[in-house]
Amino acid sequence: MSKQFVIGNWKLNGNSDQIKSVLGAVAQHQFAAEVGVCVPFPYLALAAETLKGGSVQLGAQDVSRYASGAYTGEVSAPMLKEIGCRMALVAHSERRQLFAETTETAALKIRLCIDAGLLPVYCVGESTEERNAGKMQETIATQLDAVKDLPVDQYTIAYEPTWAIGTGASASPGQIAEVHGFIKDKLGNGARVFYGGSVKGSNAASVLATPGVDGVLVGGASLNAQEFVEICKAAR
Ligand code: G2H
């Protein structure tokens, strides 16, 4: 069985001092699990320097659907790879909701990540309305179209129900186990599926012990070195 994976997602937060202090502190620890951090684009190079020589991996929070060309404002997968990234989040629900990300654009990004040697962390998950309407499985099955036909060892999935993101209220272990089981049924048991949505120091051990959980994606709690380290140490 592969190691669990804890990935911090700083979202639109942080500055140079925090990159140095928080990542510098996290990098001093040894973890049984794999650990990664996805920081805003302008700080990737500084984060790479801060994490140099350690085991904490660097990632981006998004990536262009294009490899190169006249696409002002975009950052490509080969560029991220060149500056030291090992992974990129794709189609986080905030990007689906606020920046017109779709399953179709996600599919393009996932393939470019794989071509560039980056691990795509593809985010899926249902809204409250979809869950209440009994459409959780249908929503996720449609989102999983973005990885159909891809070898399961070339990408990872992050299950992030939008109703659990940044709310302080994580999905329950039963809900997480049900959806992770559903995703693995669809993709095959070799699929690595992480959970995201209000993971913190106080619930990390229970989330990480839930059947089918291969790791966690941590937002708010990854900005605090002590709490992020606590979460990383709960993973195996
Ligand atoms: C979900 C998660 C990280 P938070 O978006 O991707 O954020 O832990 O703040 O709910």
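Values below: all heavy atoms of this structure, side chains included; hydrogens, waters and symmetry mates excluded. Note that ligands are numbered from 1 as they come in the structure, with each ligand's atoms numbered from 1 the same way.
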Test log, rule ring pair (Phe, Tyr, Trp, His ring centres under 6.0 Å), inputs Tyr155 and Tyr122 | CA-CA 7 Å; Tyr155 62 85; Tyr122 176 48; 8.0 Å; no

State whether a side-chain donor-acceptor pair under 3.5 Å links Thr139 with Arg131.
->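 Result is no, nothing qualifies.
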
Verify the distance criterion only: is there a donor paired with an acceptor across the side chains of His92 and Glu160 at less than 3.5 Å?
->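 Glu160 and His92 do have a side-chain donor-acceptor pair below 3.5 Å.
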
Do Leu217 and Val199 touch side chain to side chain, with heavy atoms closer than 4.5 Å?
->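 Answer no - side chains too far apart.
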
Output block, N or O contacts of ligand 1, threshold 3.5 Å exclusive:
residue, atom, partner, partner atom, Å
ligand 1, 5 (O), Lys11, NZ, 2.8
ligand 1, 5 (O), His92, NE2, 2.7
ligand 1, 5 (O), Glu160, OE1, 3.2
ligand 1, 6 (O), Asn9, ND2, 3.3
ligand 1, 6 (O), His92, NE2, 3.2
ligand 1, 6 (O), Glu160, OE1, 3.4
ligand 1, 6 (O), Glu160, OE2, 2.9
ligand 1, 7 (O), Lys11, NZ, 3.0
ligand 1, 8 (O), Ser198, N, 3.4
ligand 1, 8 (O), Gly219, N, 2.9
ligand 1, 9 (O), Gly220, N, 3.0
ligand 1, 10 (O), Gly166, N, 2.6
ligand 1, 10 (O), Ser198, N, 2.8

For Val121, which of Ile110, Thr156, Asn9, Val90 qualifies under side-chain contact (heavy atoms from CB on, under 4.5 Å)?
->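 When side-chain contact (heavy atoms from CB on, under 4.5 Å) is applied between Val121 and each of Ile110, Thr156, Asn9, Val90, only Thr156 qualifies.
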
Report all side-chain donor-acceptor pairs from residues 45-57 shorter than 3.5 Å, counting only partners two or more places apart or in another chain.
residue, atom, partner, partner atom, Å
Thr50, OG1, Leu46, O, 2.7
Gln57, NE2, Glu34, OE1, 2.9

